[in-house]
Amino acid sequence: MRDAIDVAGFWAGFRLIETRPLSDTQTLLRLEADPRVDPLCGRCLAPCGLIHERLVRRIRERDLFDKQAWLEVPLRRVVCLTCGVSTEHVPWLPSRSRLTARLIAHVEALLGLLPLRHISRLTGLHWHTLRTVDARRLAREVQPPDLSQVRRLIMDEFALSKAIATPRSPSVPIPNRCCG
Ligand SMILES: [Zn+2]
């Protein structure tokens, strides 16, 4: 099983060295850096042989059958002659992310189909994490509206009634309603 996963090459630049259960529903997969592959600078992507330090990070991966999959990844902080010290570039792990690119792509596909609450129950990911993934997806895919020709803003009366019926912050003024 372990060899089959490793051969599939899911985690370029790393090798799977151990799998063990964390609980009835979670599995941990421990990776190690492949010594045949030089780490890349996280800024300029140049190969770097000098290692400043190593940090072990837990990353969520897409589920493995009926188990939530967690990766334990030893990330290297490398010394680049151009950029200085940076965390290595890992092609399947976005910078500073605790989710793999594969899991993010899966969540983004679900975001177009289901409400956040359902995706949270399906994946076990926190609602705030899903909101962050969705905001990045929208920033990438949706063009900001052209407001250059806008002359008036019109308020939805249903939303206005809702705002009046609920306690409001004194810093948010409610405009006068027209009773004609
Ligand atoms: Zn660099």
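Ligands are counted one by one from 1 in listed order, and the atoms in each one are counted from 1 as well. Every heavy atom of this structure was used, including side-chain atoms; hydrogens, water molecules and symmetry mates were not.
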Please determine if Arg60 forms a cation-pi arrangement with Trp70, meaning its NZ or CZ atom is less than 6.0 Å from the six-membered ring centre and no more than 45° off the ring axis.
-> yes

Heavy-atom side-chain proximity of Trp11 to Val90 below 4.5 angstrom | no

Same cluster or not: are Leu22 and Leu64 linked, directly or through other Ile, Leu, Val, Met, Phe, Trp or Tyr residues, by side-chain heavy atoms under 4.5 angstrom apart?
-> no

Which value, rounded to the nearest 0.5 Å, describes the distance between Leu111 atom CG and His106 atom NE2?
-> 10.0 Å

Would you call Asp63 and Lys67 a side-chain contact if the rule is heavy atoms closer than 4.5 Å?
-> no

Tell me yes or no: between the side chains of Arg43 and Ser86, is some donor less than 3.5 Å from an acceptor?
-> no

Number of protein N/O/S atoms that sit closer than 2.8 Å to the Zn ion (ligand 1) = 4

